[in-house]
Amino acid sequence: MIDINLIREQTTFVAEALAKKGWKVNFDELLEQDAQRRTLRQVVENNKAEQNRLSASVPVVKKAGGNINELFAKVKQLKLDNEAKELELNSLDSTINKVLFELPNLPDSDLLAGGKENNKVIHVFKKAPSFDFKIKDHVELCESLGLIDYKRAAKISGNGTWIYKGLGAMLEWALINFFVSEHIKDGYEMIIPPHILNYESGFTAGQFPKFEEDVFWLEGMSPRRFLLPTAETALVNFHRDEILTEEELPHKYFAYTPCYRSEAGSYRTEERGMIRGYQFNKVELVQYTKEDQSDVAFEELVGKARSLVEKLGLHFQISKLAAGDCSHSMARTYDIEVWIPSMGIYKEVSSVSNARDYQARRGLMRYRDKETGKIKYLHTLNASGLATSRLVPAIVEQYQTKDGEVIIPEVLRPFMGGIEKISLPR
RNA sequence: GGAGCAAUACCCAAGUUGGUGAAGGGGCUUCCCUGCUAAGGAAGUAGGUCGGGUAACUGGCGCGAGAGUUCGAGUCUCUCUUGCUCCGCCA
């Protein structure tokens, strides 16, 4: 959430920053309402103060034998006078909040304006593998090798789903295991969160109110709850309404969860197979930091995501996203994109983002400054580490042989009982 | 799903309405004694949030959440949420 005070004091700055994200905002009306709210608040609060004063004097007057009924009437009248104004104040609050809650985060100043077209590749690992045979795409490979079963998934579930089976399931699980072990090694605390979250969690993360349609809501639960679209939503809410001590920071968490997304109507032929589905697997990293630690944390997260893909030996690139391509809640995002040979394109397997204080403001996540004793907002960051369901296509395609087999990346072998390659079933 | 109990500040905890953020501990800060530690004594501090003010300071809210009764609610009423105990069901 953007601080209303910032909007008031640096209106042009905020508007220009949002414009880089493609948001054309005019704050005139908002600021007008804000000004109204501030004067109205003074009036209402002064009235309340008077009410409080009079009420407090009741026992004193009573003791002195004064006229209490007069006081009663006075307070009652003050209360009546205030009623309409209070309603107006409330309605101003919700009008202002409606706008405020939907505004995206401000992009960092070094980001280029505009969308995808202005993303900048800032790092490339390896060259795209070249093949001296006709390559197969991951759907073909996974089916012929018996790794994925799309047909039965359609039978037991429906479109947008798939079944990992046999070595396919083992490969997916090996990736998860590999990532888990790396994150534990790096001192991240492992979390297994609930997959069913309440509205407040979606709000704090910044998904709601804007993207309520993109998640699966559960029927029959009151108050309503939804399936997490990423573990970030759970992890970034751990310290909601909390004040941490400086010693606890930075705090680093990770979790593996499936991610459930409705994203209705967003499917394209480019995204057949396992590129996009209603449910996919991802290991997610989250850091809570002080404001002056978040840049370092960001680099650490980029480094971690990068090193994981490197260890898998995959050709990939890192893109620094233009302001408009960063997620709604994020001030800055780098994507790690892995090469999918059959498509000739790069697909995101990790998104590393710094939300700065955007989520912290929404969820009142703070820490106490040791020096000054003051309360400050935390910074939150998150990174996929990594999206395993997107990696399997990259691995089978980049590691395919002319016989239609797939070599297992070395780092995964210990997690797959030492198997070196996946052969065609006899 | 049924029945009962609970929800107070960083933690524990008192408090069935009339001058107040709310006794008391723990904790924390400073000092003293002992002085490696442990233990003891004295004083102090004690939440957050939204406003006003250059500042000192000051106002609103606030005792799980929301609504109500009342001049006045931690304290009464209603709804909800969460936790605990017992029963039922169950991976």
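When reading the values below, keep in mind they use all heavy atoms of this one structure, side chains included, and skip hydrogens, waters and symmetry mates. In what follows, chains are A, B, ... by sequence order, proteins preceding strands, each numbered from 1.
Relative to the side chain of A:Y377, the nucleotides B:C50, B:G60, B:G19 differ in distance, and B:C50 lies closest. The side chain of A:A49 approaches B:G60 more closely than any other nucleotide in the set B:G18, B:U49, B:G60. Between B:G48, B:C61, B:U82, one nucleotide has an atom nearer to the side chain of A:K48 than all others, and that is B:C61. Taking only side-chain atoms of A:V58, from C-beta outward, the nucleotide of B:G19, B:C50, B:C71 with the closest atom is B:C71. The side chain of A:I375 approaches B:G48 more closely than any other nucleotide in the set B:G51, B:U82, B:G48. When distances are taken from the side chain of A:R368 to each of B:G51, B:G48, B:C71, the shortest belongs to B:G48. For A:E45, counting side-chain heavy atoms from C-beta on, the closest listed nucleotide (B:C50, B:G18, B:G48) is B:C50.
A:I395 CD1 to A:L171 CG: the interatomic distance, rounded to the nearest 0.5 Å, is 5.5 Å.
Evaluation of the side-chain contact (heavy atoms from CB on, under 4.5 Å) rule for A:I68 yields A:V58, A:K62, A:F72 as partners, not counting sequence neighbours.
Of the two residues contacting RNA chain B, namely A:K62 and A:V75, the nearest-nucleotide position lying further toward the 5' end is that of A:K62. A residue-by-residue look at A:I68 and A:P223 shows that A:I68 has its nearest nucleotide of RNA chain B further toward the 5' end.
A:R225 forms no cation-pi arrangement with A:Y199, by the criterion of a distance under 6.0 Å to the ring centre and an angle within 45° of the ring axis. For the pair A:R332 and A:F298, the cation-pi test (distance below 6.0 Å, angle within 45°) is passed.
For B:G52, the base has no donor-acceptor partner in the side chain of A:Q42 [N/O atoms by modelled type, under 3.5 angstrom].
Counting heavy atoms from C-beta outward, A:E300 and A:Q293 have side chains that stay 4.5 Å or more apart.
Contact between the side-chain N/O atoms of A:N52 and the OP1/OP2 oxygens of B:G60 is found at a separation under 4.0 Å.
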Identify each donor-acceptor pair in which a side-chain atom of residues 27-34 of chain A lies under 3.5 Å from a protein atom, sequence neighbours left out, and give them as a table.
unit_1: A:D34; atom_1: OD2; unit_2: A:R8; atom_2: NH1; d: 2.5

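Stretches of at least 3 consecutive Watson-Crick or G-U wobble pairs, with each checked distance under 3.5 Å, appear in RNA chain B as B:1-7 with B:81-87, B:10-12 with B:24-26, B:28-32 with B:40-44, B:48-52 with B:57-61, B:64-68 with B:76-80.
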